[in-house]
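I have placed the structure first, in the form of structure tokens, so that the comments after it can refer back to it.
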Amino acid sequence: MRDDTSPLPHPDATQTHGTYPAGPPSPVAAPPPPRRGHGLRRVGELSAVALLAAALASGGTYAATTLADDGSPATRQTSTLPASSTLPVSQAQQSAPDWQAVARTVAPGVVSITVEGAQGEGQGSGVVIDDRGHVLTNNHVASGSGGDARLSVTLASGDTYAATVTGTDPSTDLAVLTITDPPEDLTPVQLGASDSLSVGDPVMAIGNPLGLSGTVTTGIVSALDRPVTTGEQPGQAGGEAAVTNAVQTSAAINPGNSGGALVDAAGRLVGINSSIASLGGGRSGSIGIGFAIPVDTARMIADQLIAHGKAQHAFLGVTPKDGTATLGSARRSGAEIIQVTEGSAAAKGGLRAGDVVVAVGDAPVSSAEALVAHVRALPVGSTVELTVARGGDERTLRVTLDRRPQEG
């Protein structure tokens, strides 16, 4: 039993770094930061290729969990980066947001990141989250050029500062950098709450696509809780993948937008842009399907990276696969449990092999990948209600999530 939550590749799925596989329009690729050079010529990339959960599900998904090595109970994690209680931008008409006001307010808190290392050179984006110089970005931006890479952060003013890596979390594709000797007039982006988003809400993406810093694009929230799996992350032991319960958006996201801000019409951060859909065949760029890591997850991970340089993760303790269950006269898709780890949170909560999980709390679960994404979005020690189908009946189980082994 593996001690991590990670997709197993589908036999027909292609996972690469820095390329877009040929074939049908199924791949989803993390936007690779463009290389610097003459004009917009690429001379290298910091990228991770992603695949939608549907393309991976038939290969099975592992979500194994045990208690900490010392047997101590897991503690619930809380954040010191709370959601803003004020609105950075007040909108007179919610149906017609003042995007100029949003851009003026948020742009000073969005930075361009340059990474130079033995494995290449690239650019990405980041978000200033406090006045101490902490910048939230993607792990594949911060770690994509190797451990000896030199990082610099360019503010909206054009001033460039050296930066160091405070902590990385390959499991969620998040990282925190610290600006060296930051200026006193940093303008952090105010954090919102992604759990307050609704499909159809207007949003703006701000970042450094193709090296064009300060670029803004607008769109809507196209979907919520979209399971997206990005391929092998830099620094991830065993080549494991990152699984995200993503915010899908129609705002254009392109190579270099990775780590940038997705904000609502009030100028509050609701997501960290991380991946885009690709048509394959070597073609890259926005096709109107982009994905962002929800700010609720980003806040939880960033707080731990700032405090400890690493993060704990919740694990359920099961091996699921895609499955279906019959409830009455209907069939419902879900995550079928094929194995429950002895002594795990799942075992203590009464989950059995053969159960089909169809919801976590109020959120429906339609696949094994969706179950993994929901679990990874929750803090260690949290208690959740799992709706399961068993023997044609629907029942609710309460499960208190453990933490990953060796993360005590």
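For this chain, numbers begin at 1 and follow the sequence in order.
Listed by chain and number, the residues in a side chain to side chain contact (heavy atoms under 4.5 Å, CB included) with T187 are P108 (sequence neighbours excluded). Residues satisfying the salt bridge (charged side-chain N to carboxylate O under 4.0 Å, His left out) criterion with R352, sequence neighbours excluded, are absent altogether. In this structure S125 satisfies the side chain to side chain contact (heavy atoms under 4.5 Å, CB included) test together with N208, sequence neighbours excluded. With sequence neighbours excluded, the residues that form a side chain to side chain contact (heavy atoms under 4.5 Å, CB included) with D201 are L197, S198, V221. With sequence neighbours excluded, the residues satisfying side-chain hydrogen bond (donor to acceptor under 3.5 Å, both in side chains) with S157 are D159. Residues meeting the side-chain hydrogen bond (donor to acceptor under 3.5 Å, both in side chains) test with T154, sequence neighbours left out: T160. Applying the salt bridge (charged side-chain N to carboxylate O under 4.0 Å, His left out) test to R150 and every residue at least two apart in sequence or in another chain returns nothing. With sequence neighbours left out, the salt bridge (charged side-chain N to carboxylate O under 4.0 Å, His left out) criterion links D225 to no other residue. Remark: A252 engages T217, N254, S286 in a side chain to side chain contact (heavy atoms under 4.5 Å, CB included) (not counting sequence neighbours). With sequence neighbours left out, the side-chain hydrogen bond (donor to acceptor under 3.5 Å, both in side chains) criterion links T105 to no other residue. With sequence neighbours excluded, no residue forms a side-chain hydrogen bond (donor to acceptor under 3.5 Å, both in side chains) with D185.
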Please walk me through it: do V375 and V360 pass side chain to side chain contact (heavy atoms under 4.5 Å, CB included)? CA-CA 8 Å; V375 170; V360 176; 5.6 Å; no
Run the side chain to side chain donor-acceptor pair (under 3.5 Å) check on T387 and E394 step by step: do they pass? CA-CA 7 Å; T387 302; E394 186 176 282; 5.4 Å; no
L224/V247 under side chain to side chain contact (heavy atoms under 4.5 Å, CB included): CA gap, chis, key distance, verdict: CA-CA 5 Å; L224 296 169; V247 177; 4.2 Å; yes
Check the pair T114, E116 against side chain to side chain contact (heavy atoms under 4.5 Å, CB included), reporting the backbone distance first and the verdict last. CA-CA 7 Å; T114 300; E116 301 171 283; 4.2 Å; yes
Take V110 and V128 through the test side chain to side chain contact (heavy atoms under 4.5 Å, CB included) and record every step on the way to the result. CA-CA 6 Å; V110 179; V128 178; over 6 Å; no
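When all heavy atoms of L305 and T168 are compared, the closest pair comes out as CD2-O, 3.7 Å. Residues R132 and P182 share a closest heavy-atom pair of O-CG, 3.8 Å. Among all heavy-atom pairs drawn from I306 and I129, the shortest one is CD1-CD1, 4.1 Å. Between A298 and I272, the closest heavy-atom pair is CB-CG1, 4.1 Å. Taking both residues in full, the closest heavy atoms of G192 and V295 are given as O-CG1, 3.5 Å, listed atom of the first, atom of the second, then distance. The heavy-atom pair separating A142 from L151 by the smallest distance is O-CD2, 4.1 Å.
Between T166 and H134, some side-chain heavy-atom pair lies under the 4.5 Å cut-off. Within the 4.5 Å cutoff, no side-chain heavy atoms of N139 are placed close to those of L174. At a threshold of 4.5 Å between non-hydrogen side-chain atoms, the residues T180 and Y161 do not count as touching. In this structure, the side chains of E369 and V243 come closer than 4.5 Å at one or more pairs of heavy atoms. The shortest side-chain heavy-atom distance between T215 and I206 does not fall under the 4.5 Å cut-off. Here the side chains of T324 and V356 are not in contact, with every heavy-atom distance at 4.5 Å or above. No side-chain heavy atom of T297 sits less than 4.5 Å from a side-chain heavy atom of R299. The shortest distance between side-chain heavy atoms of L269 and L262 does not fall below 4.5 Å.
Considering CD of Q248 and CD1 of I276, their distance stands at 13.0 Å, rounded to 0.5 Å. In this structure, CD1 in I253 is found 7.5 Å from OG in S274, a value given to the nearest 0.5 Å. Atom CG of L186 is separated from atom CD of E184 by 9.5 Å, given to the nearest 0.5 angstrom. Taking CG of L351 as the reference point, atom OG of S344 lies at 8.0 Å (rounded to 0.5 Å). With values rounded to the nearest 0.5 angstrom, I293 atom CD1 is found 11.5 Å from N245 atom CG. Here S222 contributes atom OG and I289 contributes atom CD1; the two are 8.0 Å apart, rounded to the nearest 0.5 Å.
For R395 and E385, the salt-bridge test fails: no basic side-chain N is under 4.0 Å from an acidic carboxylate O.
Side-chain atoms of S367 come within 3.5 Å of backbone atoms of A370 as a donor-acceptor pair (strictly under, hydrogens ignored). At distances below 3.5 Å, at least one donor-acceptor pair connects side-chain atoms of D322 with backbone N or O atoms of A368. With hydrogens and angles ignored, the 3.5 Å screen pairs no side-chain donor or acceptor of S143 with any backbone N or O of H140. Without hydrogens or angle criteria, T249 side chain to A251 main chain gives a donor-acceptor distance under 3.5 Å. Using modelled atom types, one side-chain atom of D296 and one backbone atom of D195 make a donor-acceptor pair closer than 3.5 Å. A donor-acceptor pair under 3.5 Å is absent between the side-chain atoms of D355 and the main chain of I337, judged by distance alone. Between the side chain of S250 and the main chain of I220, a donor-acceptor pair closer than 3.5 Å is present. The backbone N or O of Q312 lies less than 3.5 Å from a partner atom in the side chain of Q304, making a donor-acceptor pair. Looking only at distances, a side-chain donor or acceptor of N138 sits under 3.5 Å from a matching main-chain atom of D173.
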